[in-house]
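Beneath this line is the structure, given in structure tokens, with notes to follow.
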Protein chains: 2
Amino acid sequence: MKDNMKDNMKDSTKPRRPPNARDVAGLAEVSVSTVSLVLNGKAALRGIPEATIQRVMEAVERVGYRPNAMAAGLRRQTSDTIGFISDLIATTPHAGPMIQGAQDAAWEAEKILIIVNTGDDRSVQDRAIEMMLQRQVEGFVYATMYHRFVELPAVLREIPSVLLDCRSEDTTFTSVTPDEQSGAVAATEHLLSAGHRRIGYLQTNARIPAAMERLEGFKMALQSRGVDFDPHLVATGIDEFSGGFEAASSLLDLPTPPSALVCFNDRMAAGAFRAAHRRGMVIPRDLSVAGFDNEELVSLFTDPALTTVQLPHYEMGYWAVTNLLGQIAGTGAAGIRHRIACPLVARDSVGPPKDDPSSRDEN
Amino acid sequence: MKDNMKDNMKDSTKPRRPPNARDVAGLAEVSVSTVSLVLNGKAALRGIPEATIQRVMEAVERVGYRPNAMAAGLRRQTSDTIGFISDLIATTPHAGPMIQGAQDAAWEAEKILIIVNTGDDRSVQDRAIEMMLQRQVEGFVYATMYHRFVELPAVLREIPSVLLDCRSEDTTFTSVTPDEQSGAVAATEHLLSAGHRRIGYLQTNARIPAAMERLEGFKMALQSRGVDFDPHLVATGIDEFSGGFEAASSLLDLPTPPSALVCFNDRMAAGAFRAAHRRGMVIPRDLSVAGFDNEELVSLFTDPALTTVQLPHYEMGYWAVTNLLGQIAGTGAAGIRHRIACPLVARDSVGPPKDDPSSRDEN
DNA sequence: CTGTTAGCGCTTTCAA
DNA sequence: TTGAAAGCGCTAACAG
């Protein structure tokens, strides 16, 4: 059907079809089973002599043999493939590390990832899952680009699946998410250790798990140090630069403004920077700021560099696939809810409070 | 081997193996060929009556039949799969749109993408290609995360391949890259149209195609408007914030500083903003700035918003796969070098020059 | 130690 | 209008 026999001049044998195991067997003067055995490293078990192995390998080399994974998979009833469904790869910098982590874990197990990005479109998603199922994927990673709750297609229950950066009401699914709370604790404690006691919180108005959990961590950290939580020190806005700017402005205009700010995310933190600058404040001398997410560009452009909390995207991706492979192999457990720590990335936006000489030399 | 027969209580038949075409055929009381015909939409051609089709479809539904793509592929000698090799997905925001574009084009043709990310490691790359070849991919997209020259493994010549955001000495490969030059022309013309005549250029010291081509576009635009290119107005630095800051500083400290700056990229442009601010200059009143790349966060955080040039990542990804599918189908041509335009994104960092009353009301 | 044989699940002539 | 049969390329009993 195809006409790709244009430049076949050195090969007198014109291989309309790629060489297969039979060709190798013929050349090596063995049977196809022997070829299969040798190529799958089972030669030793069956006591095939080195000489035969050599002959086979040479033949493989000679004809440029490449085993057909579809045929092997069909026979062996495996595909060594795992499906990766994600919502919105294109518009977030978080996708890269998650995919990379997933990919690395898969690679170590000689599995391959097939990725489809649904653009958050339900029908695309359903068709994608169906396609993957037809391709005999051994399991699914269902990933979202920000931590949220999802409603899952029922088919995912039929086959090992893990939720990456999201969770479901259905607790039979394994999920891996950032430990938002402990991340916020770390950021807040960092501020507390620098001597701050009057700490504001810039909250997002988005109703997402990270919102609650980070605030919760903030409160916990205060409490554990015996600092009362003051609801007036929480200002809310959209989780972008502008929201941070406005929320921070309202806090900084308070009669007794906070000396430090924990921000829902880096973008809001950047907004807080601007609000502070507009008021002639210098960070961290007049105001300490901690962000969340460690978005590369934000920390690159804030001046001074932003102290923030890292989201463990790579690690989550890696963990997701590792757990999935466990489920597939029958070893690992399903239905577990794993949280991965969000390490603090201390940079230069945190210092001691201005009017607290006691902690001048603490940081 | 697997023990997933926990909640099989309504199904009295315990399906240790998933239903296949034979099961469907049995239930519908037809042969497997008929099932195949119906499912592949060839029923009409063969004149299979509606009633039979119905019976088959019902049976499919009943048993929850899902065609095995590996078996079909084996038989049909196709995989409907294309391999996507990329260097460094994790560390760049450009990956998302490229993958998305590739993915969308593949999706429309009912192909699926298998992606592996080599981390720029040669041995990983070679093994990845080998794995994909074994999986019978129908072609390759070889992508890099910034426009550059690559040396390609010879195997890629055996099978349709297209280079995405990179090029090779070997011109038999199709490649798609951004039209850097015309992008720079657009940015420069925008500045010229605003009335600027003394325009500086912030160049990267990286030796990459984009460096030459953007500068070339800058020169061309000047020339076409009869403005002499002044080499003293080109300052070089690393293509990051710091390099932009330094390069811009040197230009702004000139006896007769430029009234506008074209920057190799947005990060350098952000550095230029800071350099201007440090000198008490207000953008765009005292200095107009144009960037390149349209990195979301940069334009979000510069104040005023940065006028820049968009890199066509999505379009390139889409084009790459579209061309590849053409090659596979035997229609499209190989060996073509395609460039995609980089549209100007006009925002607020460009205005008329301060001391040029003639163009006060032009912009 | 090696080969024969029987499929994996599907598509596709070809014959009825 | 439908079915039987032959294989795609490989693996894995089982037999020698």
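Lettering of chains follows the sequences in order, A, B, ..., and the numbering in each one begins at 1.
B:Ser36 comes within 4.0 angstrom of a base, heavy atoms only. Among the heavy atoms of the strands lying under 4.0 Å from B:Ile48 are primed sugar atoms or P, OP1, OP2 only; no base atom is included. Residue contacts shown for A:Val35 are absent, as no nucleic acid heavy atom lies under 4.0 Å away. Across all strands shown, B:Ser33 has heavy atoms under 4.0 Å from base atoms, whether or not it also approaches the sugar-phosphate.
Within 6.0 Å of atom CZ in B:Arg22, 12 or fewer heavy atoms from other residues, nucleotides or ligands are found, so the atom counts as exposed in its surroundings. For B:Glu29, the CD atom is loosely surrounded, since the number of other residues' heavy atoms within 6.0 Å does not exceed 12. Shown here is A:Arg337, whose CZ atom has more than 12 heavy atoms of other residues, nucleotides or ligands within 6.0 Å.
For DNA chain D, the outermost nucleotides in 5' to 3' order that have an atom under 4.0 Å from a heavy atom of chain A are D:dG9 to D:dC14. With a heavy-atom cut-off of 4.0 Å to chain A, the contacted part of DNA chain C has its first and last nucleotide at C:dC1 to C:dG9.
Here B:Tyr142 contributes atom OH and B:Phe84 contributes atom CZ; the two are 11.5 Å apart, rounded to the nearest 0.5 Å. Here OG1 of A:Thr322 is found 9.5 Å from NE2 of A:His338. Values are rounded to the nearest 0.5 Å. The CE atom of B:Met98 sits 12.0 Å away from atom CD of B:Glu315, with the distance rounded to the nearest 0.5 Å.
A search for side chain to side chain contact (heavy atoms under 4.5 Å, CB included) contacts involving A:Ala109 returns A:Lys111, A:Leu325, not counting sequence neighbours. Residues passing the side chain to side chain contact (heavy atoms under 4.5 Å, CB included) test with A:Arg66 are B:Glu130, B:Leu133, B:Gln134, B:Val155, B:Glu158, sequence neighbours excluded. Under the side chain to side chain contact (heavy atoms under 4.5 Å, CB included) criterion, B:Thr172 pairs with B:Arg157, B:Asp170, sequence neighbours left out.
Looking at A:Ile89, A:Leu164, A:Asp104, A:Val141 one by one, the single match for side-chain contact (heavy atoms from CB on, under 4.5 Å) with A:Ile99 turns out to be A:Ile89.
The bend of the helix from C:dC1-D:dG16 to C:dA16-D:dT1, defined by the angle between the axes of its first five and last five pairs, stands at 40° to the nearest 10°.
In terms of position along DNA chain D, the nucleotide closest to B:Thr34 lies nearer the 5' end than the nucleotide closest to the other residue of the pair A:Leu37 and B:Thr34.
Between B:Tyr65 and B:Leu39, the closest side-chain pair of non-hydrogen atoms falls below 4.5 Å.
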